[in-house]
Amino acid sequence: MMSDSVRNSTYSPEKFEKKLYQYWLKGDWFCADETDTSKPNYTILIPPPNVTNRLHMGHGLNMTIQDILVRWKRMQGFNACWLPGLDHAGIATQMMVEKDLNATGVTRQELGREAFFARCVEWKEQYGNIILDQLKQLGTSFDWKRETYTMNEQLSKAVRKIFVDLYRDGLIYRGERLVNWDPVLKTAISDDEVENKEQNGKLWYYKFPVVGSMTDEHLVVATTRPETSFGDVCVAVHPEDTRYQHLIGKDLYHPLAEREIPVIADTYVKQEFGTGCVKITPAHDFNDFEVGKRHNFKMINIFNEDASLNELCPTQYQGMSRLEARKAVIKFLREHNYLVKEENHKNTLPISERSKEVVEPRLSYQWFLKMSEIVEPAIEAAKTDELKFYPQTWKKTYLHWLENIQDWCISRQLWWGHRIPMWECQDCQTYSTGEQDPSTCENCGSTDLVQDSDVLDTWFSSWLWPFSPFGWPEQTQALQAFFPSNVIVTGAEIIYLWVARMIIASYYTMGKLAFKDVYMNAIVCDKQGRKFSKTLGNGIDPIEMIDKYGADAVRFTCVSLAPLGGRVRMNKDDFEVGHRFINKIWNAAKYLLHYLDEQEPLEKLDHARLDPASKWLLNSYVNTCTAVNNHLEKYQINEAVDTLYHFVWGAFCDWGLESAKIVLTETSHPDRAQVKSTLLYVFEGILRLFSPVIPFVTEELWHTIPRHPDWSFGTEQTLMVMDYPTYNPQWVFTQDAQEWSQIQSLISGIRSVRTQANVPPKEKLCAIVALEDTGLTAVLQKGEAWIRSLAGINDLKYQPGLSRPAQSLLTTGKGWTVYVPVGDYLDVESECKRLQGEKKRIAGIVMGLQKKLQNKQFMERAPEQVITTTQAQYDNMSGQLKTVEQNLAALSEK
RNA sequence: GGGCGCAUAGCUCAGUUGGUUAGAGCGCUGGUCUUACAAACCAGAGGUCCUUGGUUCGACUCCAAGUGCGCCCACCA
């Protein structure tokens, strides 16, 4: 390690971050050992990034949180395993590879399935690791030896195994469902590939005569898509709609399809929209599909693959396109007096991203998983709080979804992914499956088998993530050690898609809860509160920020801005804050080293010889240790970081180092050795406490500073596995700390007085302390050297009961008043104004407190402790009020 | 439309189970190059805690309604 990097230079993270990461890798400190049973295990699974991903700020935050938890637990002595890996991302990858391919003038279909698949594999090899490399720049302590991937051999085996198990348990079935069909590309496309465009359309109203009516009775139905009418199976009205009660169950004549259809009742219908009557076309509309299924109607598909009308329509319409058919249908309705009216209507059209053609919902066969039969333990776990959400509010969302769970459509019409392990027998049309490819039909023994052409939904591999990477279905040692994991850290948007399903899968295969804690990280937004997105281009590139400010600054900024859950608004400038703070730590180290480099050996800390400033610092340090650990236990990472930030800057630097200066600069000072020892002891503690958050700079500094006799160091040469600091009663000095804070407020008070009077900083002043409680004399005398140095005082006197000397300003604290004669610097007018303001403010508080104390009900019902503190406040504030009044009077006399 | 959440300083946000004079960072004002750091130090200004009502001795905190905003789901014949 190059310790001179600290002594002689400014903070430049680029000089050591890469070097240190290599050092950690070489030392194998990120690796967890499943055979080591001497330590408790701690496991976190990465939410596997898509192979198509580049690192964005959402990852930055998400990964930093996980890394902090893992590094913290590792320092606490856990066998910590953070599992890295990638998701093959079926749709996203296929889209990118296809786009690439199309640019060369070749379609996926022309290339053929096998060659296209090979191209995807190649693409993954080439680009898939970019995000993992970027994660290394962020300093993530993944156990890289376990790096995995949802399409590798081992995980594919796991996918195959669970599919077969589920099928054998009767939980996987084939059923009909509507998909988004692109009539130009003649393929199903995913929701991601559909853009909804609002446009001005029309709403056509036309008549359906009631069959057998003597009075020409009819219903009027409104539709935006009259051309689909040939597929109508019924007309629906709301069951409570008084207008149509008598018609429910009657038949209507369909003037276009030239057949009769019934009137049914369904709550799906909105009475106030249109006429309150809806024609139901289950094969061509997502909502109608649900209604049709509920009422057991036949689905009539009236389109060919290219969305032209097929043989189920009357001959004159067959072969027409959707638009041609629409014109022809309207012409017919108008000519035969069925059309009642047409009106303008705004609606949204689903457009295929790639062909720009209007998407047509199309009936197709899909594979489904019966979720209701395997979901129960996942519901129980949340209800009993065995599974906990951070923040808790997500429990409701989770339960709401699980309690209304739908069957999961697990097939996708893609080429990139795990091929569905189902073979259709060409002789008897039944399906066969197996962990090995079947050679004969399970039903009739035929060898004429054809594998299903679809692949599995990408989530069908990622739901196995808690156990598949550790070797499942083999009962490996790693699986024993690292399943279940401890916490999952992810975005709330995939609570259904991923989190809930992992829990379901783990109960199904392992019979156990996959993880006890679910941490929902904040959503990263821009300054206007918009989610970072590619299309908006409002994202902040973490790598750009790392290059500019260093990984530690990026990590620090991300987590300190992000509360548990919620969302965080980010700005490029925010990273400057992190960088400045780390620079502050760097400079503090530089200053310390200046004195630590001296030859004399470091002393152990000695209670009897610690000065008041050191006792205060140690006491604050111990409190900080407790607070940080408590916050981390509760996943309040921003709170932990905030606590540390203020301890380092406000306590250690502004008071600790500043107070130490008067001792350190005097080479023969008797307290010097203990002060140096205290500073180093606390600084080592800071480095340890902060190491999980900002691992690089803490490690770099740790290698530079000397080892302290009061800290224990293992044999490992890295900060990242040193013991994490905890509450240490040895360094608790409650009384001394309280006394020292009196000195601090006295110093601050005098500084404030100096500013009020515009006294130049270098000018020394006299200060006269008037004590109400003479017991404080000893306390203040102990702090005299610091009062002189830090407040710019050259003459400090004690005069109990003194009233205000001429031309002086004052500052008050608990039991004391300090008068500072400022001579001609005193501006009587502005001082009077200030005192009057003070008087008003304090009088208000005093009055409030008095009212409270006179309130009978308050005295009767409030807890005794509250009454005591209120009384004490009252005494204190009225004392202050008296002082202010006296001084105001004294000032006015002149 | 269904579900969930948010509203505190100019900006971004803390504020743990109701109980001192509501905090921080950035920005702003004034002063300082004080031998770690001007990427800093010292001091300061700035808030009817969205509105109204309720519970309570006591509400930024709990409850209800209203207003404004965000997210997820369904998006409409």
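Each chain gets a letter, A, B and so on, in the order the sequences are listed, and its residues count up from 1.
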Inset, instruction - With the side chain counted from C-beta on, respond yes when A/V559 and A/N638 share a heavy-atom pair under 4.5 Å apart, and no when they do not. - result: no
Legend entry - By ring-ring contact (aromatic ring centres under 6.0 Å, His included) - contacts of A/F286 (at least two apart): none
Legend entry - A/R225 CZ - B/rC76 P separation (whole Å): 12 Å
Legend entry - Distance, rounded to the nearest Å, where A/D574 contributes CG and B/rG27 contributes P: 11 Å
Legend entry - Partners passing salt bridge (Lys or Arg N to Asp or Glu O under 4.0 Å) against A/R751 (at least two apart in sequence or in another chain): none
Legend entry - Sequence-aligned protein contact record of nucleotides 35-43 of chain B, with B where the base is within under 4.0 Å of a protein heavy atom and S where only the sugar-phosphate is: -BB-BSSSS
Inset, instruction - Would you kindly compare A/M859 and A/G276 by the position of their nearest RNA chain B nucleotide and give the one closer to the 5′ end? - result: A/M859
Legend entry - Protein-nucleotide distance (A/W401, atom CH2; B/rA74, atom P), rounded to Å: 12 Å
Legend entry - Phosphate OP1/OP2 of B/rG31: any A/N758 side-chain N/O under 4.0 Å: no
Give each protein N/O atom lying under 3.5 Å from an N/O atom of nucleotides 2-10 of chain B, with the pair distance.
{"residue": "B/rG5", "atom": "OP1", "partner": "A/K396", "partner atom": "NZ", "Å": "2.9"}

Inset, instruction - Return the set of residues passing salt bridge (Lys or Arg N to Asp or Glu O under 4.0 Å) with A/K341 (not counting sequence neighbours), or none when no residue passes. - result: A/E343
Inset, instruction - With sequence neighbours excluded, give me every side-chain hydrogen bond (donor to acceptor under 3.5 Å, both in side chains) pair touching residues 649-661 of chain A. - result: A/E658-A/K661
Legend entry - Least distance between heavy atoms, A/D552 atom then A/Y11 atom: CB-OH, 4.2 Å
Inset, instruction - Pick the C1' atom in B/rG47 and in B/rA24, then give their distance to the nearest Å. - result: 14 Å
Inset, instruction - Let me have RNA chain B in dot-bracket notation, would you? Count Watson-Crick plus G-U wobble pairs, both distances under 3.5 Å, and use [ ] for pairs crossing earlier ones and | for inter-strand partners. - result: (((((((..((((.....[...)))).(((((.......))))).....(((((..]....))))))))))))....
Inset, instruction - Rounded to whole angstrom, note down the C1' distance from B/rU61 over to B/rU20. - result: 16 Å
Inset, instruction - Would you kindly say whether A/S229 and A/Y206 are connected by a side-chain donor-acceptor distance under 3.5 Å? - result: yes
Inset, instruction - Could you give the distance separating B/rU21 and B/rC49 at their C1' atoms, to the nearest angstrom? - result: 15 Å
Inset, instruction - Not counting sequence neighbours, which residues clear side-chain contact (heavy atoms from CB on, under 4.5 Å) with A/H646? List them please. - result: A/D642
Inset, instruction - Can you label the angle between the A/W401 ring and the A/Y496 ring as parallel, tilted or perpendicular, going by 30° and 60°? - result: parallel
Inset, instruction - Taking salt bridge (Lys or Arg N to Asp or Glu O under 4.0 Å) as the test, write out the residues that go with A/E838, two or more places apart. - result: A/R841
Inset, instruction - Can you tell me, in whole Å, how much space there is between the P of B/rC50 and that of B/rU8? - result: 6 Å
Legend entry - Under 4.0 Å protein heavy-atom contacts per nucleotide of nucleotides 13-24 of chain B, with B for base, S for backbone only and - for none: SSS---BBB--S
Inset, instruction - Indicate yes or no: at least one non-hydrogen side-chain atom of A/F858 is less than 4.5 angstrom from one of A/V866. - result: yes
Inset, instruction - Using the P atom on both, measure B/rA9 against B/rG46 and round to a whole Å. - result: 15 Å
Inset, instruction - For B/rC4 versus B/rC60, give the span between their C1' atoms, rounded off to a whole number of Å. - result: 22 Å
Legend entry - Euclidean distance, A/H631 NE2 relative to A/T626 OG1, rounded to 0.5 Å: 10.5 Å
Inset, instruction - Could you work out the separation of B/rC6 and B/rU17 based on their P atoms and round it to a whole Å? - result: 13 Å
Legend entry - With sequence neighbours excluded, residues passing salt bridge (Lys or Arg N to Asp or Glu O under 4.0 Å) with A/K676: A/E598, A/E600
Inset, instruction - Could you measure between the two C1' atoms, the one in B/rG15 and the one in B/rG25, and give it in whole Å? - result: 15 Å
Inset, instruction - Would you mind listing every salt bridge (charged side-chain N to carboxylate O under 4.0 Å, His left out) that reaches into residues 282-292 of chain A, with sequence neighbours excluded? - result: none
